[in-house]
Amino acid sequence: MTAPKAITTVPVKLGDRSYDILIGAGLIDQAGREIASRAKSVRVAIVTDETVARLHLDRLSQSLSDAGIDSTPIIVAPGEKSKGFATLEIVTNAILSARLERGDVVIAFGGGVIGDLAGFAAGIARRGMGFIQMPTSLLAQVDSSVGGKTGINTAHGKNLVGVFYQPQLVLADTQVLDTLSPREFRAGYAEVAKYGLIDRPDFFSWLEKNWQGIFDGGRERTEAIAISCQAKADVVARDERETGDRALLNLGHTFGHALETATNYDSARLVHGEGVAIGMVLAHQFSAKMNLASPDDAKRVEAHLRSVGLPVSIADIPGDLPSASTLMGYIAQDKKVARGALTFILTRGIGQSFIAKDVPPSAVLSFLQERHPK
């Protein structure tokens, strides 16, 4: 079935695991038709959180029903704390209790937490079921719903347990973003800016000029989402399981994940996109400290992210934080560590990020001590 003209399609090319990302307004109402055209005689489990369920679940359920698709909702608490073993057990048991079979489909209907949790559950229930991403946050639409990374958090750190498990389809309804809080939207924008900072300097310059249109919901919003999805799809097609340059997508994440762990994933203090924003500024500042890039680039990144209302320094996080040494401990547990060697995504300038291996821990600790609020 051909997508309506109002819908932008971005292909993710992975051979027999290829799939499309559909981007446009009103896709929740078209979901049943799109799914039925690709998967015959399936039943679905809709994994979502209480907030998304209250706002949008009835529309999705009706769309599926209109297409002759039976659905079972599985509703969990909102927030990062649902990304753990306890909630994973609840979700997988609910899938099995609904007697869904391997050929049936798990829909992740929510933000990044739901996408990671539901994707992991789909990957392990009955040793792998059908899986569709329906991201409802900007962060999920441009990042976590694309590429097949799933997982949960543990006391040792973020996303340390999970599987690579590709969806069959991604439906990104841009209209649903109007129901996000300004804070949630800003947090997602950090991931949009990331693509410019990795290897698309012209895109970052465009964002500096057009970010207000993205926030206001103009044509710039769909354009920015499509460019971001294409950027990620291109990287995933080259390196599906992060053995090479897919690691570039982690720009800002090593510092950011450590800060999230330090706040015990308390969304009142820090959400993922905010951690990434601070992390990207720190990555540029650390690159300048290591004489890899100009301090002016770090100032430019900081200025842009601050202009949209994102936190840009460790001091911007409310409440007390553990010591720089403790933060280093969290960094040492990061999944990008290989045999104890620290790997960071650093930069030689705007849009010139690269994978830096064997980064001296002493240099990172010294840098954190300089940046840590007294």
Side-chain angles (χ1 to χ4, degrees), residues 1 12 14 16-22 27-78 82-136 140 144-152 161-173:
M1 179 177 180
V12 182
L14 291 169
D16 60 2
R17 295 183 316 289
S18 297
Y19 55 94
D20 288 333
I21 306 164
L22 305 188
L27 273 170
I28 290 176
D29 300 310
Q30 299 179 40
R33 185 175 65 191
E34 295 292 348
I35 294 170
S37 72
R38 292 167 170 82
K40 306 297 183 185
S41 303
V42 297
R43 294 183 300 141
V44 305
I46 305 170
V47 181
T48 190
D49 67 33
E50 294 161 356
T51 303
V52 174
R54 185 178 67 252
L55 293 169
H56 309 295
L57 180 58
D58 286 348
R59 285 173 57 208
L60 176 56
S61 299
Q62 187 63 54
S63 175
L64 294 169
S65 178
D66 290 346
I69 299 173
D70 291 333
S71 63
T72 298
I74 302 172
I75 302 171
V76 304
S82 283
K83 257 183 69 170
F85 281 109
T87 311
L88 178 67
E89 182 179 12
I90 290 168
V91 170
T92 51
N93 277 332
I95 291 169
L96 298 175
S97 294
R99 299 189 180 277
L100 296 179
E101 300 173 357
R102 182 177 292 181
D104 290 327
V105 172
V106 176
I107 296 177
F109 189 44
V113 168
I114 291 297
D116 283 359
L117 174 68
F120 191 12
I124 60 177
R126 301 201 184 279
R127 296 191 176 90
M129 298 177 59
F131 176 43
I132 291 174
Q133 286 270 18
M134 291 190 65
T136 60
S144 58
S145 68
V146 182
K149 274 190 177 181
T150 74
I152 57 172
V161 177
V163 294
F164 285 93
Y165 197 66
Q166 298 295 340
Q168 299 163 294
L169 178 68
V170 179
L171 300 175
D173 189 333

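All values derive from a computational prediction rather than experimental measurement. What's counted below: heavy atoms across the whole structure, side chains too, no hydrogens, waters or symmetry copies.
- Taken from CG in Asp49 to OG1 in Thr87, the straight-line distance is 11.0 Å, to the nearest 0.5 Å.
- In this structure, Val170 and Pro135 have side chains that are in contact, with non-hydrogen atoms separated by less than 4.5 Å.
- Pairs passing the side-chain hydrogen bond (donor to acceptor under 3.5 Å, both in side chains) check and including a residue from residues 116-132, sequence neighbours excluded, read Lys83-Asp116.
- Phe131 and Gly115 make their closest contact through CZ-O, 3.9 Å (heavy atoms, listed as atom of the first residue, atom of the second, distance).
- Residues Val106 and Ala118 come closest through the heavy atom pair CG1-O, 4.0 Å.
- From Leu60, atom CG reaches atom CD1 of Ile107 across 5.5 Å, with rounding to the nearest 0.5 Å.
- Taking CD1 of Ile114 as the reference point, atom CZ of Phe109 lies at 10.5 Å (rounded to 0.5 Å).
- Summarising the geometry, atom CG belonging to Leu169 is positioned 7.0 Å from atom CD belonging to Glu34; distances are rounded to the nearest 0.5 Å.
- Residue Gly112 comes nearest to Ser144 through the heavy atom pair CA-OG, 3.4 Å, listed as atom of the first residue, atom of the second, then distance.
- Under a 3.5 Å cut-off, the side chain of Ser71 and the backbone N or O of Ser61 do not form any donor-acceptor pair.
- Using modelled atom types, no side-chain atom of Tyr165 and backbone atom of Ala121 make a donor-acceptor pair closer than 3.5 Å.
- A donor-acceptor pair under 3.5 Å links the side-chain atoms of Asp104 to the main chain of Glu101, judged by distance alone.
- Note that CD1 of Ile28 and CG of Asp173 are 4.5 Å apart. Values are rounded to the nearest 0.5 Å.
- Across Gln168 and Tyr19, no two heavy atoms sit closer than the pair O-CB, 3.1 Å.
- Of the possible donor and acceptor atoms, none in the side chain of Asp20 sits under 3.5 Å from a partner among the backbone N and O of Leu22.
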Practice task
Applying side-chain contact (heavy atoms from CB on, under 4.5 Å), run through Leu117 and Ile152 and close with a yes or a no.
Solution key: CA-CA 6 Å; Leu117 174 68; Ile152 57 172; 4.2 Å; yes
Exercise for the section: Decide side-chain contact (heavy atoms from CB on, under 4.5 Å) for Val91 and Phe120; before the verdict, give the C-alpha distance in whole Å, the side-chain angles of both, and the deciding distance to 0.1 Å. Expected result: CA-CA 10 Å; Val91 170; Phe120 191 12; over 6 Å; no
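- For the side chain to side chain contact (heavy atoms under 4.5 Å, CB included) test with Arg43, the passing option among Thr72, Val105, Asp70, Ile69 is Asp70; the others fail.
- Using a 4.0 Å cut-off between a side-chain N of Lys or Arg and a carboxylate O of Asp or Glu, Glu50 and Arg54 do not qualify as a salt bridge.
- When all heavy atoms of Gly148 and Gln166 are compared, the pair lying nearest together is N-OE1, 3.3 Å.
- You'll find the side chain of Leu88 reaches within 4.5 Å of the side chain of Ile124, heavy atoms only.
- With hydrogens and angles disregarded, a donor-acceptor distance shorter than 3.5 Å links the side chain of Ser63 to the backbone of Gly32.
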Practice task
Please lay out, stage by stage, how Leu57 and Ile75 fare under the test side-chain contact (heavy atoms from CB on, under 4.5 Å).
Solution key: CA-CA 10 Å; Leu57 180 58; Ile75 302 171; 4.0 Å; yes
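- Annotation for Leu27 and Ala172: closest pair CD1-O, 3.4 Å, computed over non-hydrogen atoms.
- Thr92 OG1 to Ile74 CD1: the interatomic distance, rounded to the nearest 0.5 Å, is 9.0 Å.
- Side-chain atoms of Gln62 and Asp58 include no donor-acceptor pair closer than 3.5 Å.
- The backbone N or O of Asn93 lies less than 3.5 Å from a partner atom in the side chain of Ser97, making a donor-acceptor pair.
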